[in-house]
Amino acid sequence: MEKIKMTTPLVEMDGDEMTRILWQMIKEELLTPFIDLKTEYYDLGLEHRNETNDQVTIDSAEATKKYGVAVKCATITPNAARMEEYHLKEMWKSPNGTIRAILDGTVFRAPIKVKGIDPCVKNWEKPITIARHAYGDIYKNVEIKVPGAGKAELVYTSEDGTAVRETIHEFKAPGIIQGVHNTDASIRSFAKACFNYALDTKQDLWFGAKDTISKKYDHNFKDIFQEVYDADYKQKFEEAGIEYFYSLIDDIVARVMKAKGGFIWACKNYDGDVMSDMVSSAFGSLAMMTSVLVSPDGVYEYEAAHGTVQRHYYKHLKGEETSTNSVATIFAWTGALRKRGELDGIRELAEFADRLEKATLSTIESGRMTKDLALITSLEKVTALNSEEFIREIRRTLEAM
């Protein structure tokens, strides 16, 4: 069979530990036998990031802006233990955070629905997509551990030297303070990405914050979303037959629990961090979750939503068998290949991505799956496969199709 030709390369960002092992298996078994795969390769493994002083991460993000579509393996965000393990020059920042900042992107995460893996919330019939703002809030905060009595102030000094001061708290004893920020430009980009993605996927968009309590910070999010919607998207939404609405975050949570799914839930940074894990866990598994970073000007970076599966990697190094779920990593590749096919007008590439996803889900629905899914499936006759066996079973299903 002649391989499918690509005209523009994908930006390929390799990663760490067990997901790096799966990455190579997926390419060898599921991609290169069928596609004349073109990628611009960047090694975002922690050792290489350390060697390049993390310049490789910046280069990969700039390449993504150039080519428009990237696919990323899971990577390590180092802590003190990783500093020692990998003999790092410094505690490098999260690659995802660096890439998000350069692309000015919003992260969209949605569970992968498959027969036999039933959501804990029984009325969730369709996936719920979490749109997470990827800038500011506590992720760029400044914190002080207050040693004793004193006054904490919030101070803004303009370029001309004019100062605005607000008292945070008059401390009588030790405590803590935290300063967070955001920018109107970033919030506006977040809003545009959400509205564009809703139109692309023909889904309603819900947005929740706490403007009744945070009358300036959260209210600013609400106001900018409404302003962008009224100016550029209201008519488009009406023509597409989809809805945008804002409500308090607690009201949105209550609505979500009673909803059937099939919508996008836009969240501020921390809310999105927490709620995406809640949604993925309630739908079954973090390994069954798609994740795509979308910039307001239409650049896409696809990745798995989970980590590097460190525990399985250490077993793998000892020569022990692992049963690591590769579905999210496979779907990162299919998402990127489909988008590349759409942008380049290569129908065969987009159709191949559809077939590979169908083959992956069909393999699970036939009772052949990794151990994590075998433990939670409602299917009766199942076979728990190891990491490589599962990928090879998907290839057999794909070839049969």
For Phe195 and Tyr229, I'd like to know if the aromatic rings sit close, meaning centre-to-centre distance below 6.0 Å.
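Under 6.0 Å, so yes.
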Taking the ring of Phe108 and the ring of Tyr197, is the distance between their centroids below 6.0 Å?
yes
Taking atom [atom1] of [X] and atom [atom2] of [Y], what is their separation to the nearest 0.5 Å?
| X | Y | atom1 | atom2 | answer |
| --- | --- | --- | --- | --- |
| Arg109 | Arg132 | CZ | CZ | 6.5 Å |
| His169 | Lys151 | NE2 | NZ | 12.5 Å |
| Phe190 | His133 | CZ | NE2 | 6.0 Å |
| Thr377 | Met369 | OG1 | CE | 4.0 Å |
| Met278 | Ile130 | CE | CD1 | 6.5 Å |
| Ile187 | Tyr217 | CD1 | OH | 6.5 Å |

Checking ring-ring contact (aromatic ring centres under 6.0 Å, His included) between Trp206 and each of Trp265, Phe225, Phe263, which is the one that passes?
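So the option named by the test is Phe263.
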Taking it one step at a time, do Thr308 and Thr19 satisfy side-chain hydrogen bond (donor to acceptor under 3.5 Å, both in side chains)?
CA-CA 5 Å; Thr308 56; Thr19 46; 5.4 Å; no
Side chains of [X] and [Y] only: does a donor on one sit below 3.5 Å from an acceptor on the other?
| X | Y | answer |
| --- | --- | --- |
| Asp104 | Tyr135 | no |
| Ser362 | Thr397 | no |
| Asn53 | Gln55 | no |
| Glu40 | Tyr67 | yes |
| Ser158 | Asp160 | yes |
| Lys140 | Asn182 | no |
| Lys258 | Asn123 | no |
| Ser323 | Asn386 | no |

Would a distance-only check, ignoring hydrogens and angles, find a side-chain to backbone donor-acceptor pair under 3.5 Å from Thr334 to Phe331?
yes
Flag the pair [X] and [Y] as a salt bridge only when some basic side-chain nitrogen lies within less than 4.0 angstrom of an acidic carboxylate oxygen.
| X | Y | result |
| --- | --- | --- |
| Glu399 | Arg396 | no |
| Asp251 | Arg255 | yes |
| Lys115 | Glu365 | no |
| Arg395 | Glu29 | yes |
| Arg347 | Glu351 | yes |
| Glu357 | Lys113 | no |
| Lys210 | Asp250 | yes |
| Glu389 | Arg392 | no |
| Arg100 | Glu301 | no |
| Asp344 | Arg340 | yes |
| Arg188 | Glu227 | yes |

Please tell me if the side chains of [X] and [Y] come closer than 4.5 Å, counting only heavy atoms from C-beta onward.
| X | Y | result |
| --- | --- | --- |
| Val327 | Ile364 | yes |
| Leu248 | Thr212 | yes |
| Ile138 | Asn269 | no |
| Ile391 | Leu30 | yes |
| Leu398 | Leu356 | yes |
| Ser189 | Thr106 | no |
| Leu361 | Ile112 | yes |
| Trp333 | Ile26 | yes |

Passes side chain to side chain contact (heavy atoms under 4.5 Å, CB included), Glu62 versus Ile102? Steps please.
CA-CA 8 Å; Glu62 293 297 340; Ile102 292 171; 3.7 Å; yes
Decide yes or no on side chain to side chain contact (heavy atoms under 4.5 Å, CB included) for Asp204 and Phe245, but give the supporting numbers first.
CA-CA 8 Å; Asp204 291 342; Phe245 79 89; over 6 Å; no
Taking all atoms of both residues into account, what is the closest heavy-atom pair of [X] and [Y], and its distance?
| X | Y | result |
| --- | --- | --- |
| Cys194 | Leu205 | CB-CD2, 3.9 Å |
| Ala304 | Ala328 | CB-CB, 3.8 Å |
| Gly284 | Ile376 | O-CD1, 3.4 Å |

Which of these, Lys216, Lys268, Lys222, sits in a salt bridge (charged side-chain N to carboxylate O under 4.0 Å, His left out) with Asp211?
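It is Lys222, the one option of Lys216, Lys268, Lys222 that forms the salt bridge (charged side-chain N to carboxylate O under 4.0 Å, His left out) with Asp211.
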Quick one, Thr129 with Gln203, criterion side chain to side chain contact (heavy atoms under 4.5 Å, CB included). Give me CA distance, side-chain angles, the key distance, then yes/no.
CA-CA 9 Å; Thr129 302; Gln203 294 184 91; 3.9 Å; yes
Which class fits the ring pair His316 and Tyr313: parallel under 30°, tilted 30 to 60°, perpendicular over 60°?
parallel
Let's go through Lys371 and Asn325 carefully: what are the C-alpha distance in whole Å and the side-chain angles of both, what is the deciding distance for side-chain hydrogen bond (donor to acceptor under 3.5 Å, both in side chains) to 0.1 Å, and is it a yes or a no?
CA-CA 8 Å; Lys371 188 177 178 181; Asn325 190 331; over 6 Å; no
Could you check Asp54, Thr75, Asp16, Thr57 and say which one makes a side-chain hydrogen bond (donor to acceptor under 3.5 Å, both in side chains) with Arg49?
Asp16
Test side chain to side chain contact (heavy atoms under 4.5 Å, CB included) on Met289 and His306; report intermediate values, then the result.
CA-CA 8 Å; Met289 194 87 168; His306 56 71; over 6 Å; no
Check the pair Phe237 / Tyr244 against ring-ring contact (aromatic ring centres under 6.0 Å, His included), numbers first and verdict last.
CA-CA 8 Å; Phe237 267 56; Tyr244 163 69; 7.0 Å; no
Assess whether salt bridge (charged side-chain N to carboxylate O under 4.0 Å, His left out) is satisfied between Lys5 and Glu348, documenting all intermediate values.
CA-CA 9 Å; Lys5 297 287 190 289; Glu348 296 84 359; over 6 Å; no
Carefully, step by step, assess Tyr86 and Asn50 under the rule side-chain hydrogen bond (donor to acceptor under 3.5 Å, both in side chains).
CA-CA 9 Å; Tyr86 283 86; Asn50 190 56; over 6 Å; no
